[in-house]
Amino acid sequence: MKAIINTSRKQGKISKYIYGQFAEHLGRCIYEGLYVGEDSDIPNKNGMRTDVVNALRELEIPVLRWPGGCFADDYHWRDGIGEKSKRPYMVNTNWGGVVENNHFGTHEFFELCEQLGTEPYICGNVGSGSVKEMRDWIEYMTFDGDSPLANERRKNGREKPWKLKFFGVGNENWGCGGNMRPLYYCDLYRRYSTFIRSYGDEPIFRIAGGPNADDAEWTETLMQNIANATEGISLHNYTYETDWENKGSSTCFDKNGWYSLMADSGRVESAVTLHESIMDRYDPERKIALIVDEWGNWFDVEPGTNPGFLYQQNTMRDVISAMLVLHAFHRHNDRVRMANIAQMVNVLQAMILTDGEKMVLTPTYHLFRMMKGHMDGERVDIDYASDEIDFGGKKIPKISVSASEKDGAMTISICNVSLDEDESVEIELRDGVYLSAGAELLTAVNMNDCNTFDAPDTVAPRALDVSLSDGILSLKLPKMSAAVITLK
C-alpha cells in the first residue's frame, strides 16, 4: 500500500479528550479495581491502588467520567460524603444487586483524579434526583466562598474547591436514566441546566444526554429545543460481534467473529456521521461538541463471573477495532471533541484487569499508551487507497491510517485488519523534513491471544523496523497488527 501525507495541510486539532476514560460503580471497576480502602493489604495511597494508578498514569488520561452510566441516575451524592462509617448503604440494582457502601464518593473521586493527573467529568442524577440536589452538588464541589455547602466541604476535609469543567445532565435518559421521551427530556434538561452555576473562573461545560446509536429523532429533538443551552451532546455506541442479542465471546471466536466485529466497528462512524449531519443543520459553526462518552466492545461476560459485573477479556481483536474507532473520531475531530471508552478497570473493554493483589495490562491498554502522541495534535491530510476485505457482502478496509503533528513530531497510527496477509507500506512525506523514525508494534501469534495473570505479556508492544529515506517511510505491517510510528 502507498500513501501520501501532506504535512502542510492541517485539518484541525484532535482533542486530547477523545482519549478519555470512564469509571462506573459497576462490578469491580471502582471497588477492588481502583479503590481498596486505606486499611487494605494491597499497597495504596489514600485508598487508591498504587499499582493501578501508576499504570494508568502512563496513559496520560485527559478526562475521567464518573459515577456512571446507569448508576449515575440512581446516585445521591450526599450518601458519599462525610465519615465513611456513617455513610448509608444502598443496593446497586443496575449492576448485580450488590450492596454499595458509598465509601468511594465525591472526595475520593477527586482524589483519584488528582493522583491520575486527569480532569473530572461528573454525570448528574436527573432520573431519580432533584434539581436542588444537582444544584447543591455543584456548589459543594466548586464554590470558594462562605456558604453552608462550601463550609460542609471544608468540614469534610477539602478546604479549596475542586476545578470541574465537565458536567453531564443525566445519562441514557431514553433508557435506564428514566425511559423518557426526547421532548420531555429537553424540558427537564432546560430546567436542570439552569441551576448548573459556574462558581469558578471557567464556565462549566454542560453535556446533554444524547442519543443511543442511530436514534436520529432524539438528536433532532435536542437540537430543536436545547441547542442554545448546551455545550455538548453525548452519544453512546457499543460494538458487538453481531448485535445486542448476539454479543459473542471476548476470546472464543473464529474468523467470522473477527471480521464481524471489524464490520460493526464501522457502524460507530456511521452513527457519528448521522448525528453530525443533524447537528450541522442547527449548528453549522459546530460550536456544540459531540461527546461519545460510552463506546467500546461489549461481549458476553467471562464464564463463572457475575453477569451483572460485565467482566470480559481483551485480545488483538479489541486492539484493531479500537484503533478503527479512534481513527473515525480523528476524522470527525471538528465535531467529536470527547470520547470515553467503557470502562477503565475490570469492566467491558478495560485497560486493566485485577484479581486481588494481582494486576494485568490488557492489549487495549498498550494501544492507548502507544497512541497518546495524537492527543491535541494537529490532524494532517493523508491520502491512501486500501484493499478491501469482503465479509458477507460488507467491504472492510484492510488498512487504516491516521496522522497528526505536535511539537515538531509526527505520530502515525496504522493497523492491518487482515488475518491472513501482511502488508508492505510506503508513505511519502510531503512538505516536511524528518530525520528519525521509531515505531512500536502490537500483534499476536493467535487472534484469540490475551494477557492473563499467569502470562501477562502474551500481547505486548515490541519494536517495529521502519526505514526513513529521502522523505519516504517504509515498513512491513504484519497481519492482525497495529503500529504507531513517531517521526522527528
Side-chain angles (χ1 to χ4, degrees), residues 24-25 65-82 87-88 90 92-94 100 102 105-107 109-110 120-153 156 158 161-200 202-211 218-219 221-234 236 288-289 291 293:
E24 183 171 4
H25 288 245
R65 180 175 182 245
W66 173 85
C70 292
F71 184 81
D73 281 290
D74 229 4
Y75 181 68
H76 302 280
W77 68 271
R78 280 199 164 278
D79 294 345
I81 62 171
R87 295 182 189 180
M90 64 175 284
N92 189 340
T93 54
N94 287 291
E100 159 72 50
N102 283 305
T106 302
H107 289 252
F109 171 64
F110 280 100
Y121 165 17
I122 282 182
C123 187
N125 182 346
V126 171
S128 68
S130 68
V131 173
K132 182 181 186 302
E133 181 180 19
M134 186 178 290
R135 177 234 170 269
D136 287 354
W137 199 11
I138 297 287
E139 182 178 328
Y140 181 90
M141 292 184 287
T142 64
F143 186 54
D144 195 21
D146 181 10
S147 78
L149 286 162
N151 290 332
E152 185 177 9
R153 181 194 69 239
N156 289 330
R158 176 74 184 194
W162 294 289
K163 290 185 178 180
L164 176 64
K165 182 174 182 178
F166 303 105
F167 194 90
V169 185
N171 166 80
E172 294 189 1
N173 301 95
W174 38 263
C176 64
N179 284 304
M180 302 173 190
R181 292 170 298 190
L183 188 57
Y184 177 74
Y185 172 72
C186 286
D187 288 340
L188 282 183
Y189 175 85
R190 296 187 73 89
R191 181 181 175 214
Y192 277 67
S193 65
T194 299
F195 297 92
I196 298 175
R197 299 190 171 113
S198 300
Y199 294 102
E202 186 176 9
I204 290 178
F205 188 102
R206 299 164 299 175
I207 299 171
W218 190 277
T219 302
T221 306
L222 263 58
M223 293 304 296
Q224 288 173 344
N225 291 277
I226 67 167
N228 65 340
T230 190
E231 288 71 55
I233 291 176
S234 72
H236 291 181
I288 301 172
I291 309 293
D293 56 17

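Because only heavy atoms are used, hydrogens play no part in the values below, and waters and symmetry mates are left out as well, while side chains stay in. Since the structure is predicted, the reported quantities are computational estimates derived from the model, not experimental observations.
- Under the 4.5 Å side-chain criterion, counting only non-hydrogen atoms from C-beta, R153 is not in contact with T106.
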request  = Start with the C-alpha gap between Y199 and D144, add the side-chain angles, then the distance that decides, and say whether side chain to side chain contact (heavy atoms under 4.5 Å, CB included) holds.
outcome  = CA-CA 8 Å; Y199 294 102; D144 195 21; over 6 Å; no

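- Scanning all heavy atoms of the two residues, the minimum distance from A150 to G145 falls at CB-O, 3.5 Å.
- Here the side chain of D79 pairs no donor or acceptor atom with the backbone of P88 at under 3.5 angstrom.
- Distance alone, capped at 3.5 Å, places no donor-acceptor pair between the S234 side chain and the I291 backbone.
- Here the OG1 atom belonging to T142 is positioned 7.0 Å from the CG atom belonging to L164, to the nearest 0.5 angstrom.
- When all heavy atoms of I122 and M141 are compared, the pair lying nearest together is CD1-SD, 3.3 Å.
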message = Quick one, N173 with Y184, criterion side chain to side chain contact (heavy atoms under 4.5 Å, CB included). Give me CA distance, side-chain angles, the key distance, then yes/no.
response = CA-CA 10 Å; N173 301 95; Y184 177 74; over 6 Å; no

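- Distance check: S193 OG to E231 CD gives 9.0 Å after rounding to the nearest 0.5 Å.
- Environment of CZ in R197: crowded, with over 12 heavy atoms of neighbouring residues, nucleotides or ligands closer than 6.0 Å.
- Nearest heavy-atom pair across N171 and C70 is ND2-N, 3.3 Å.
- Looking at every heavy atom in both residues, V169 comes nearest to I196 through CG2-CD1, 3.5 Å.
- Between the side chain of W162 and the backbone N or O of H107 there is no donor-acceptor pair closer than 3.5 Å.
- Here CH2 of W137 is found 12.0 Å from CZ of R78. Values are rounded to the nearest 0.5 Å.
- Distance alone, capped at 3.5 Å, is enough to place a donor-acceptor pair between the S198 side chain and the I204 backbone.
- Judged by distance alone, the side chain of E172 and the main-chain N or O of G177 form no donor-acceptor pair under 3.5 Å.
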request  = Just do the side chain to side chain contact (heavy atoms under 4.5 Å, CB included) check on H76 and N102 with the steps written out, would you?
outcome  = CA-CA 10 Å; H76 302 280; N102 283 305; over 6 Å; no

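- A 4.5 Å side-chain heavy-atom check between P211 and I233 finds at least one atom pair inside the cut-off.
- A donor-acceptor pair under 3.5 Å links the side-chain atoms of N92 to the main chain of H25, judged by distance alone.
- You'll find the ring centres of Y75 and W66 inside the 6.0 Å limit.
- A heavy-atom distance below 4.5 Å is found between the side chains of Y121 and D293.
- No side-chain donor-acceptor contact under 3.5 Å links W174 to the backbone of P182.
- Using modelled atom types, no side-chain atom of R191 and backbone atom of V131 make a donor-acceptor pair closer than 3.5 Å.
- Nearest heavy-atom pair across G129 and Y192 is O-OH, 2.6 Å.
- Of all heavy-atom pairs spanning N94 and C176, the tightest one is OD1-CB, 4.4 Å.
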ask   = Are R158 and F110 close enough, and set up right, to give a side chain to side chain contact (heavy atoms under 4.5 Å, CB included), and what steps lead you there?
value = CA-CA 10 Å; R158 176 74 184 194; F110 280 100; over 6 Å; no

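- From E133, atom CD reaches atom CD1 of I138 across 11.5 Å, with rounding to the nearest 0.5 Å.
- For D73 (side chain) and V126 (main-chain N/O), a donor-acceptor pair under 3.5 Å exists by modelled atom type.
- When only modelled atom types and interatomic distance are considered, N151 and D146 share a side-chain donor-acceptor pair under 3.5 Å.
- Judged by distance alone, with hydrogens and angles left aside, the side-chain atoms of E152 form no donor-acceptor pair with the main-chain N or O of Y140 at under 3.5 Å.
- Separation of atoms OG1 (T230) and OH (Y189) is listed at 3.0 Å; rounding is to 0.5 Å.
- Using a cut-off of 4.0 Å between Lys/Arg side-chain N and Asp/Glu carboxylate O, E202 and K163 are scored as not salt-bridged.
- Looking at Y185 and W218, their side chains come closer than 4.5 Å, going by heavy atoms from C-beta outward.
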